[in-house]
Amino acid sequence: MNRPENLKQLQDTSKIWDIAVIGGGSSGLGVALDAISRGLSVVLFEKADFAKGTSSRSTKLVHGGVRYLAQGDVGLVFEALKERGKLLKNAPHLAHNQPFIIPIFTAKDRFMYSVGLKVYDWMSGRLSLGKSQFISKEETLKRLPGLKPEGLYGGVVYHDGQFDDARLALNLAQSADEAGTCVLNYVSVNSLVKNDAGKINGLHVSDKLSGKKYQVNAKMVVNATGVFADKILKMDNPEASKMIQPSQGIHLVLDLDFLGGKDALMIPKTRDGRVLFAVPWHGKLVVGTTDTLREKPKLEPEALQKEIDFVLETAAGYLTREPTRADVKSVFAGLRPLARPKEGSTKTKEISRSHKVILSESGLVTLTGGKWTTFRKMGEDTVEYFTQVTGEKLKKSKSLDMKIHGATNRVPAGHWGIYGFDAQPIQDLVNENKAWAEKLHPDFPNIEAEVIWTVREEMAVKVEDVLARRIRMLFLDAQAAIDAAPKVAKLMAEEMDKDEQWIESELADFHKTASKYLIKNNPK
Ligand SMILES: Cc1cc2nc3c(=O)[nH]c(=O)nc-3n(C[C@H](O)[C@H](O)[C@H](O)COP(=O)(O)OP(=O)(O)OC[C@H]3O[C@@H](n4cnc5c(N)ncnc54)[C@H](O)[C@@H]3O)c2cc1C
């Protein structure tokens, strides 16, 4: 992925793209991937970095949604289980089979969860990741050594997928780019262009790094901006009423030994009726989440004290070693789009987890809701509107079996796994400069060559792009990421031919963002 080359494509003012996508999260990238699989020409604009929004802040599960099954949303679960199975095949370097254990305290719960999860197994059919089963109290404690034994009756094991969300977004951008999509980060859509009939036929965009502005022509424009969808709908129609009410979910990252073992813990019903997960991820434990209404959409939402306390207290109810604020390595928050209450009503409603595609009079196609797991199907359903919007024929989607950039059957060991087939070329960079074999931080396996690679091949242009979304250190240990930042900035400056002033301003920017992931900087 070459940013300057892709920007050059915008200079051709006579070019008419089939589809222009606004938003480089899972939804927008799913649209781009599906559209390119049908031979359409596609341009995608992300105003920050790929997955800077909600798509880097998920619980990291590729799941059918056991919870939605309990709510009777069978169609959604079938769809998600199929997508789950396909994603594990198409991106084996990023998504893997993860066993989960639900602690059981009564015979009634044993019966209820055993039966429910058998249905879940059956629904995944040939794409099943393994059978669910009841295990004894002893076996449960052997597999989850950190679990409190008091009152425990046993456990039910079931299987779902787990993945690296921001890396998948990046590899999707690479896959789309390699197939011919013009993908661009740090390019913001500022307004929509309409013809005399009021139909959208283009966009005004600006490169946030150089300030340069462009006008882009497109037959169909897709609004895939997550919690920012209202802003684009307002660009289309200033009278449009607000659709989205953001709801925040936070995660705390702890050392893995709070739970121990390789299995994840799933608590089906916390005191606020939500599900709580504690999932091993890149050698740490990710615990969450919450559901707190927020007024405004934000790219960098912050965890609230009551959310941090809630997750710590709930986790402490199940873990022998009760976690405290001092144990939190990183805290991150993400926003889900809820449907705003209609006038006169006070109730918010979660946009059904099955996504929605809305076609405006102007031809603007808005994709909203859904989840990471179903990004591809969401993309497919959105691209299906192409004929209705343009009157042109559409080829069949081929995205279901498209291998994602990095996919390999021989996933490299250790932290190299997430790079898939790129792992070897990254390690080979050390032949160009021996110093690049140095570690970025003593507690992490990542080496300097990875920074060089992300700049050359993965469109990383800011220190945060590397530490937050290319190597995930900010999400795993915020202080370690802050400590590693000067080294990363220096390497990037050399590779990108930037001066001392750039380094200083990058470090100031990174520090501002990263301090929000440190628990000590969150309100007490
Ligand atoms: C706490 C939490 C946990 C979750 N856990 C899971 C999970 O485990 N598994 C799962 O399947 N799903 C999960 N989800 C759901 C999943 O994360 C979301 O459905 C998904 O990430 C939404 O992606 P998106 O692309 O719609 O939005 P976003 O990722 O927010 O992307 C929208 C993008 O649009 C860009 N943008 C906005 N305005 C403009 C503009 N004017 N010009 C250009 N770009 C613009 C933004 O910068 C942003 O990057 C979770 C969600 C939350 C909140």
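Note that these values count all heavy atoms, side chains included, but never hydrogens, waters or copies made by symmetry. Whatever order the structure lists ligands and atoms in, that order sets their numbers, starting from 1.
- Under 4.0 angstrom from ligand 1, the non-hydrogen atoms of Lys60 all belong to its backbone.
- Residue Thr59 places at least one N or O, backbone or side chain, under 3.5 Å from an N or O of ligand 1.
- Under a 4.0 Å criterion applied to the non-hydrogen atoms of Gly370, ligand 1 contributes the atoms 19 (O).
- Heavy-atom proximity to Ser27, at under 4.0 Å, picks out these atoms of ligand 1: 23 (O), 24 (P), 25 (O), 26 (O).
- Without hydrogens or angle criteria, Thr225 side chain to Gly23 main chain gives no donor-acceptor distance under 3.5 Å.
- Remark: Asp401 CG to Arg376 CZ distance equals 8.5 Å, nearest 0.5 Å.
- Between the side chains of His405 and Glu178, a donor-acceptor pair is found at a separation under 3.5 Å.
- A side-chain donor from one of Asp177 and Asn6 sits under 3.5 Å from a side-chain acceptor of the other.
- His159 and Ser132 share no side-chain donor-acceptor pair at under 3.5 Å.
- Around NZ of Lys86, the count of heavy atoms belonging to other residues, nucleotides or ligands within 6.0 Å exceeds 12.
- Near Ile22, meaning under 4.0 Å from any of its heavy atoms, are these atoms of ligand 1: 40 (C), 42 (N), 43 (C).
- Close contacts between ligand 1 and Gly249 involve ligand atoms 1 (C) [criterion: under 4.0 Å to a heavy atom].
- Residue-to-ligand polar distances keep Lys52 apart from ligand 1: every N/O pair is separated by 3.5 Å or more.
- For ligand 1, the atoms lying closer than 4.0 Å to a non-hydrogen atom of Gly53 are 29 (O), 30 (O), 49 (O).
- Near Leu299, with a cut-off below 4.0 Å to any heavy atom, the atoms of ligand 1 are 47 (O).
- Note: an N/O pair closer than 3.5 Å links Trp372 and ligand 1 by distance alone.
- When heavy-atom distances to ligand 1 are checked against a 4.0 Å cut-off, Thr289 comes that close only through its side chain, counted from C-beta outward.
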